[in-house]
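See structure below.
Keep in mind that this is a model prediction, so the values were computed, not measured.
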Amino acid sequence: QAAPVKLGILQPVTGNLAQDGEYGRIGAEAAINDINQAGGIKSLGGAKIEMVFGDARSNPEAGTQEVERMNGEGVSAIVGGFASPICLAASQAASRYDLPYVVDVGVSDAIVSRGLKNTFRFGPGFGTCTRVAIENLVKLNDAAGKPAKTVVLVHEDGLFGTGLAKLMNERLSALGFQILETIPHPTPARDMSNVALRIRALNPDLVIPSSYYGEFVLLARTMQQQRIRPKGIYAVLNGAASNFRFVKEFPDAASNVMDCNHWADPRKPKTAELRKQVEATGRFWLYNTPLNYSCVKLVADAIERAASRDRTKIIEALAASTFTDHIMPYGPTRFENGQNMGAAPVNTQIQGGDIKVIFPAEFADAKAVFPVTG
Amino acid sequence: MLSVEGLVAGYGGTEILRGLTMTVEPGEIVAVLGSNGVGKTTLNKVLSGIVPAGAGQVRFAGEVITGASPQAIVDLGLIHVPEGRKIFPNMTVRENLVLGSYRRARGNRAANLERVFETFPRLRERDRQSAGTLSGGEQQMLAIGRGLMGEPRLLILDEPSLGLSPLLVEEMFQLIRRLNADGLAIMLVEQNVMQSLDVASRAFILENGIFALHGQASELAAAPDLRRAYLGM
Amino acid sequence: MLNGLLTGAVYALVALGLTLVYGVLHIINFAHGAMLTLAMFAVLMVHLGFGLDPYLAIPVLAPLFFLVGYLLQRLVIGPASRNDDSSILLVTLGLSIVLENGLLAIFRSDTRSLTLDYSFSVLDIGVALLSLPRVVGFGVAVLVAGGLWAILALTDTGKAIRAVAKEKLGAALVGIDVNHVYAVTFGLGAATLAIAACLLMPSFYVNPRVGNAFVLVAFTVVVLGGMGSIPGALLGGLIIGVVESLCGLYLGESLGQIGIFLIFILVLLVRPTGLFGARA
Amino acid sequence: MTAGRSGLSDFLPIAVVALALALLPTGLTLAGSTGTLLNLAITILILSLAAQGWNIAGGYGGQFSFGHAAFFGMGAYGQAVLQARLGVNPWVALPLAVTLGSLVGLGIGYLAFRARLRGSYFALVTLAFAEVFRILANAAPFTGGAAGTLLPLDVRPANFQFAARETFFYLALVMVVAVLVLNRLIERSRFGAYLVAVRENEDAARSLGVDTLAVKLKAIALSAAITAASGALYTQKFLYIDANIAFGSWISVEALLAPIIGGIGTVFGPLVGTATLLGLGELAKTGIHAAFGSAIPGIDLILYGVLLVAAIAFAPQGVMGLVARLTRGGR
Amino acid sequence: MLSVEAVSKRFGGLLAVSDVTMRVAPGSISGLIGPNGAGKTTLFTMISGFERPTSGRILFDGRDITGTAPEVLAAAGIARTFQIVQPFAGLSVIENVAVGAYLRHPGRREALARAEAVADLVGLGSLGQPASSLTVAGRKRLELARALATEPRLLLLDEVLAGLNPSEIRDIIPVVQAIRASGVTILMIEHVMQAVMSLCEHVHVIANGQTIASGAPSAIVGDPKVVEAYLGHGAAERLAGRAAHG
Ligand SMILES: Nc1ncnc2c1ncn2[C@@H]1O[C@H](COP(=O)(O)OP(=O)(O)OP(=O)(O)O)[C@@H](O)[C@H]1O
Ligand SMILES: Nc1ncnc2c1ncn2[C@@H]1O[C@H](COP(=O)(O)OP(=O)(O)OP(=O)(O)O)[C@@H](O)[C@H]1O
Ligand SMILES: [Mg+2]
Ligand SMILES: [Mg+2]
């Protein structure tokens, strides 16, 4: 039996980002199990993958400290990070040891623009997400006969939301939408009713919120309460609109909310299987799980091809990767300066108590309901 | 009523009291005298349960109170009016007094309040003033008044005349006499040696952690050693 | 504006628990937020477990949390800190870490909320739609403030609390059990938090960190209203709610948070004792 | 601490500690440790600077601040923004960032002390300032807003980025030791005596001719400067800063806890406290890892919290107090 | 040296000091006496700059010092002690005194040496002991030592003898006299009449905030107004008797 290959899984499972971290970790664990059950890394004599887990505690120092520890334990690569600051710091710490680092989410585009050879991002970056979100919105609107003209942007005031809102503001105006107002809010927010009231006063056709889970739930519920019914809620990288807890607990408020976000490819059989597996343990289906599942698979594939535990070889293999056995709607991987060029978000909509992919057509499993009436 | 036997106490490593034995009988005034820092206050604190005794036994009203909590001791009616007043500065004069009957004599609160105000008319005038802004002497009155609110059976007064005007000192000693005449036993710690010996029936002189002298107050007042040591005569 | 008042009432409630422990005893309780979270989970549990309505849970949870607060102080905070202020700071911090992560370990990181028929009910008062749970919250906040005020000002226990805050030796000598009073104070604080949690849950969510969102505001409310002043905490909460709501309206929700702190700083610089404060 | 005995012997303990720490990297390598401990040590040194800064105003001067994040953040953002936006060399940026932090300290101090804020009023007003800065930094474009400021990776000594981590360690160590020495000098000076007097009783101090406002201002300016240096080093280490890291309450809490844990108002307290806090955290993490794996999130932190409470229960005067008690017993 | 001119102080509805005028001659020991709550301490807090008079002026060496900050006055040579003692509780005895000594001696060595000398003068032992463990009398001495260490020209003593027993008072009287002999003017509030009688050349009596008498101690103890408001007949007789003996 060959010695196991150690793989570092870095996620913030305590602190502010605990939820994302935990769901990421579930995905990574599932992937490792699958790989090991399928016979481990065959080119290394069936070596099993052994997880070395690190809690990034929702801050960069703890992230780097874990990278150091993982390096000390001799991991061959690290996957994860979730938040951009953690990814930035952790990948840089890993670069000292030429330790391959695969970012799962970390949308800041600075992550892949520093010229670090060890750092790869499997998911789409910020630029891609916003571009796609806008393109798809325009397509959606056009297809429905342009019912939406006026827009209110609501965003959390962190990295995600702020940057997004700024871009949206510029591009949507250029595309002929009228931005009535941009409303930032903090996370956690104690009260979203002011935002809801403002929306009611402005009465836009479209509300574009990008917030974390709790805040969006509050907003959606308050909007329902105050009987605010725009023609559409088009969320971008939203923490709730693609979260089954929201769908289950507040079916009315959630109904027909659209989101442009990371999401698993619904047509791949493995997706349904993994989802069933996760839901069987009483957890919900969030994008962090399939994304990390795929990242781990990606790394395993690179190790398989490198046929070595050597870090440089793994980095080379990653850079040359054309991996297809993942469950994201991306197509084969192709890394350019560490960024997976095939990565893109998709559009989902909550329909009939489920989250369906409505865009782009090649991955869709439902048709968009837009504009929402009644 | 109060009996102390072989009492040892101190702070941390240092022993301050090294085997004290004394009694206070019902209806009696006992003076405890001694120079600064010999441990008079420490003795009072041991009696009221604030400082633990190292060895020895304290009995009050037939019960052993060594190791009892301050509340339990107050419940028995042993009330200690501390040195330095220790009034509640953030509360009004009236509230301070009311708290004097926190555990004992709640039922007679109104009547006792009236009595205290009669004893110290100054406090009635300052009724709603916050106690922290009282003058030094007023604070002393308040401290004693608070002690009286609990209807003590034995009242320990630690330097009650400190900072009082001569007139008030006079009144204070008269008050002590009066309270005593009503049957209250008093243990009096004072620097005002002559006047203390004057009102007390017996006295104990604390020196180097033990009672170097004790006896009838009148005899002690005449003792030449004492006069030399404490009166500078 | 009206909404700000209603939100402010919730702040006031959270601050009421704090004004006892922090405002009166001057103990900075880092575990306040974690206790709120604990209470919110408790509301969730009694609802999911026994189908108990959050409002009806008040008579159950308030005494329970009184006990929890009492025992925490009596068995953990008191002995570990010997009632020394900076030690209390550390012990309550340790406690908050334990509570928060304990909740995380048990309930996991998910954000949960309750669905109730009246969560979405609104009162239409012509000019605005008011959320029913918040109106209820407002009413109860006023009641709780009244109750606490009565306890502090009128009862012996209340006076004992204030006495212990400034003069422990003097208090012990009139027969006040200092440790007991500390514990009662913590208990009262915890009970108010439980009530706050019951009022929050119908319209809010809970996760293991949710309490933190309220702590800072609660501290500002306490100081703004004047340390240890119950009417101050109520008024302070309402003011903060309104300020937040107005600033949110004009500066955006996120920059609007600045309003709270600027008002707070200004009030302190101009009137350091807070609106209702006595001499420090 | 008898009168008159002063001079070089006062600095002996500092020299010993400095030497021992200087040997640490070599020792770690010899002991076969990987980067984990060295990395931890660097973090400890950096954060201990923040704690040492706090200790001057809070420990010696009794001005408990809950908002040292304001100064940490000024240092951190100063260092980052000067480089990233204005192209200032980091070695030049460092003193500027420190000065910036110090000035902010002076400003906040002036407002707060003029209004005679004391105790928890002062604590909360500093906290409020830190929050205001955090919100502003999160919104203002020149700080990079919510995206924060990222410094380009460019490993050159001239650029304050080092290939070997030891270099950074020694650099941080030099600053820490310099502040230790400064602390000792303050303890031995009139300013130090006045500072402590202000902490103990302002009215009494004033009656003895102490200009309490001036003393407090000096203290807060110095305190803020040292904490800003911590922020600047932090930026250089992680090359990234955002509003929540720079002005978040975690650093205020850290800066305040470490001296309390270590021994408030003592020279070594902040350093010992930071080491204890971070060390305990790391210990809890590795211990839990070894015992239970990583199945349940947060149980290492539960253990950490319990250890923290236990530490206070058994070392009431802080670690330094414990050390003093033990050595006094031996003497 | 010090002259208080028609000074009044009002706290809310209470007129604590009302139109008091008094003078302290250079090099003298003067006494300020009066019933509890008369406003003596309040007068001190105004002279030393902690409170500003509601009306009136205070002159020191002919300069108007009304409302000047206490630290400035300390530097100018006015030191006070506090009736409710205010030790730096966390510091040792010698460190407490040194804070005062630093005012004229910026160097640590000199300040400590000076502090030791002063502590010795007022009879403070065990200098390394924490101030918090001092007894009441010890704290009074500490107050005195600290104020003295600032090397004042005018020393305001607020009941420093309270809590001392008669023989200790007798021991400390020469200390006060020595201080005066070294050129320090002293104004003292005191209820211990024996000390007032043997120390003071001049006594100022206030009651209810107002001056009721002023003059030599021997004259004061016979003043019926003073006896009535302050001394009481018992004390007055004893004092008169003592004066007759002495
Ligand atoms: N909390 C304490 N810790 C350590 N030592 C103390 C403490 N309190 C008092 N002492 C010491 O114990 C001794 C006795 O003090 P105590 O207060 O009992 O004296 P006393 O006889 O009441 O003096 P005084 O007449 O001045 O009030 C003193 O030497 C004092 O320094
Ligand atoms: N800050 C204040 N607010 C309200 N009243 C005050 C304040 N300070 C003092 N007083 C009142 O002013 C009066 C004079 O007080 P002061 O302390 O000057 O008396 P004193 O002559 O020093 O008395 P004692 O001999 O008892 O110390 C007292 O009645 C007191 O209650
Ligand atoms: Mg005593
Ligand atoms: Mg006075």
Nearest heavy atoms of B:Tyr102 and C:Val181, plus distance in Å: OH-CG2, 4.5 Å
4.5 Å side-chain heavy-atom contact, B:Lys45 and C:Leu169: yes
Within residues 81-91 of chain B, residues adjacent to chain C where the heavy-atom gap is under 4.5 Å: B:Pro82, B:Lys86, B:Ile87, B:Phe88, B:Pro89, B:Asn90, B:Met91
Residues that B:His80 engages under side chain to side chain donor-acceptor pair (under 3.5 Å), provided they are two or more places apart: B:Ser48
Separation of C:Ile176 CD1 from B:Leu99 CG (nearest 0.5 Å): 5.0 Å
Contacts of residues 106-129 of chain B with chain C (heavy atom under 4.5 Å): B:Arg106, B:Arg109
Chi angles and distances behind the side chain to side chain contact (heavy atoms under 4.5 Å, CB included) call for C:Val174, B:Arg103: CA-CA 8 Å; C:Val174 298; B:Arg103 284 189 90 89; over 6 Å; no
Check: C:Leu173 and B:Val74 side chains under 4.5 Å, non-hydrogen atoms: no
Atom group of B:Ile50 that falls short of 4.5 Å from chain C, counting heavy atoms: side chain
Listed partners of C:Arg162 passing side chain to side chain donor-acceptor pair (under 3.5 Å), at least two apart: B:Glu95
Heavy-atom closest pair, residues C:Ala172 and B:Pro70: O-CB, 3.6 Å
